[in-house]
Amino acid sequence: MPSQPLVIDDTILASRLFLGTAGYPSPDVLRRAIEVSKPGLITVSLRRENAAGKGQKFWDILKGFNIPVLPNTAGCHSADEAITTAEMAREVFETNWIKLEVIGDDYTLQPEPFLLLEATKRLVSKNFKVFPYMTDDIVLAEKLVDLGCDILMPWGAPIGSGRGLNNPFALQTMRERFPDKTLVVDAGIGAPSHASAAMEMGFDAVLLNTAVAKAGDPAAMAGAFAGAIQAGREAYLSGIIAPQEKAATSTPMIDKPFWHQNG
């Protein structure tokens, strides 16, 4: 079964890889990673990139690709802070899409669920398309959907940890509970195999940054992730066999010369 493209708000995305833009050794390395992997979305933090002082070259690189930009509110710790950042991003990037991050713990960078709900409610009322960065909490997911989110972005593991999918059961449960929502694993991915595993569960996309930006060869790693995500998606659509409790022969044993029969 051929994989259909992911569509968000009538925008057809070229890939199910969403790629972050922070922490690369140089703007040229970032440009090469984007060229190789051809992501469906590019995410960027207005606050962090401005603070880093990367300048015009960074922005020119992003504008040079015909790839939708998803601004995010990385580094925000309150609903007011996140909303102000989202409004600034809408002006700069001319989009109502926003990846909403409201951090509650500086050690794990875990999102603050109550402030996330508050900020989501206010941003939805301002006609934003909210992409909420969240934990894999099914109750939180239900409340976000009730507020109008049709995209959910649960973490695989803490941001930048590279641990992969810490709680596959919770992620699989979320996929089953919300079959008609767009689900994106966001954060904690470390290897292409992690991304493929998420896609094999039926997730719609994977968002990652550190695993590419900090790789020995970011461009080659970006390409590896793009291939893994495509392979995982095709495997899911093809119908992965269920695990069995015992071995099952794949070759018929009838008339085999060394097949021993009882009796």
Side-chain angles (χ1 to χ4, degrees), residues 2-8 11-46 48-49 52 54-72 74 93 95 97 99 131 133 151 153 155-157 159-165 182-201 203-238:
S3 178
Q4 298 299 313
L6 181 59
V7 180
I8 299 177
T11 298
I12 299 174
L13 305 185
S15 167
R16 292 171 183 268
L17 165 64
F18 297 174
L19 190 64
T21 57
Y24 286 80
S26 71
D28 287 332
V29 173
L30 168 62
R31 175 185 53 77
R32 182 62 181 150
I34 295 173
E35 288 175 344
V36 170
S37 62
K38 299 178 175 59
L41 283 179
I42 300 172
T43 67
V44 61
S45 168
L46 183 66
R48 287 183 177 168
E49 301 305 342
K54 291 187 176 178
Q56 190 61 42
K57 185 174 184 180
F58 174 80
W59 300 113
D60 287 345
I61 287 173
L62 297 188
K63 292 175 182 177
F65 291 99
N66 187 27
I67 299 173
V69 172
L70 175 64
N72 67 53
F93 296 104
T95 179
W97 292 6
K99 179 191 169 188
F131 295 60
Y133 162 63
I151 297 172
M153 301 181 70
W155 68 357
I159 293 173
S161 69
R163 295 181 60 86
L165 308 182
T182 299
L183 300 188
V184 182
V185 170
D186 175 14
I189 296 296
S193 58
H194 301 157
S196 182
M199 298 304 293
E200 289 171 13
M201 287 183 186
F203 275 75
D204 297 288
V206 173
L207 193 158
L208 54 94
N209 187 165
T210 306
V212 170
K214 301 302 184 184
D217 185 336
M221 186 61 76
F225 270 107
I229 288 170
Q230 179 65 25
R233 178 65 179 176
E234 291 179 0
Y236 169 73
L237 294 175
S238 299

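Remember, it's a predicted structure, so these values are computed and weren't measured experimentally. One is the number of the first residue; the rest follow in order along the sequence. Side-chain atoms are counted along with the backbone in the values below, which use heavy atoms only and exclude waters and symmetry mates.
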What's the verdict on side-chain contact (heavy atoms from CB on, under 4.5 Å) for Leu41 and Leu13, showing C-alpha distance, side-chain angles and the deciding distance?
CA-CA 7 Å; Leu41 283 179; Leu13 305 185; 4.1 Å; yes

Could you list all the salt bridge (charged side-chain N to carboxylate O under 4.0 Å, His left out) pairs where at least one residue sits in residues 212-228, not counting sequence neighbours?
none

From Thr21 OG1 over to Ile42 CD1, what is the distance, rounded to the nearest 0.5 angstrom?
7.5 Å

Note, Pro39 side chain near Ile34 side chain (heavy atom, < 4.5 Å):
yes

What I'd like to find out is whether the side chain of Ser15 reaches to under 4.5 Å of the side chain of Ile229, using heavy atoms alone.
no

Apply side-chain contact (heavy atoms from CB on, under 4.5 Å) to Leu6 and Ile12, showing your working.
CA-CA 6 Å; Leu6 181 59; Ile12 299 174; over 6 Å; no

Quick check: does any side chain N or O of Asp186 sit under 3.5 Å from a backbone N or O of Met153, one acting as donor and the other as acceptor?
no

Can you confirm whether Phe225 sits close enough to Val206 that some side-chain heavy atom of one is under 4.5 Å from a side-chain heavy atom of the other?
no

With sequence neighbours left out, what residues match Trp97 under side chain to side chain donor-acceptor pair (under 3.5 Å)?
Asp9

Identify, with sequence neighbours excluded, every residue that meets side-chain contact (heavy atoms from CB on, under 4.5 Å) alongside Arg31.
Asp28, Glu35, Ile61, Phe65

How about Asp204 and Met199: do any of their side-chain heavy atoms sit closer than 4.5 Å?
no

Counting C-beta onward and ignoring hydrogens, is there a side-chain heavy-atom pair between Asn72 and Tyr133 closer than 4.5 Å?
no

Just wondering, do Val69 and Val44 contact through their side chains at under 4.5 Å, heavy atoms?
yes

Search all heavy atoms of Gly20 against all heavy atoms of Thr43 and return the closest pair with its distance.
CA-OG1, 3.1 Å

Restricting to side-chain contact (heavy atoms from CB on, under 4.5 Å), what partner residues turn up for Val29, sequence neighbours left out?
Tyr24, Pro25, Ser26, Pro218

Any donor-acceptor pair under 3.5 Å from Arg163 side chain to Ala157 backbone:
no

Residue list, side chain to side chain donor-acceptor pair (under 3.5 Å) with Asn209, at least two apart or on another chain
none

Heavy-atom closest pair, residues Met221 and Ala215
CB-CB, 3.7 Å

Does the side chain of Leu207 reach to within under 4.5 Å of the side chain of Val185, using non-hydrogen atoms?
no

side-chain contact (heavy atoms from CB on, under 4.5 Å) against Ala222, all qualifying residues, sequence neighbours excluded:
Ala33, Ser37, Val212

Can you give the donor-acceptor pairs under 3.5 Å from side chains of residues 187-198 to other protein atoms, not counting sequence neighbours?
from: His194; atom 1: ND1; to: Gly190; atom 2: N; distance (Å): 3.0
from: His194; atom 1: ND1; to: Ala191; atom 2: N; distance (Å): 3.1
from: Ser196; atom 1: OG; to: Glu200; atom 2: OE2; distance (Å): 3.1

Interatomic distance, CG@Leu17 vs CD@Gln230, rounded to 0.5 Å, equals 11.0 Å

Residues in side-chain contact (heavy atoms from CB on, under 4.5 Å) contact with Tyr236, at least two apart in sequence or another chain
Arg233

Beyond-backbone contact of Phe18 with Val184, side-chain heavy atoms, under 4.5 angstrom
yes

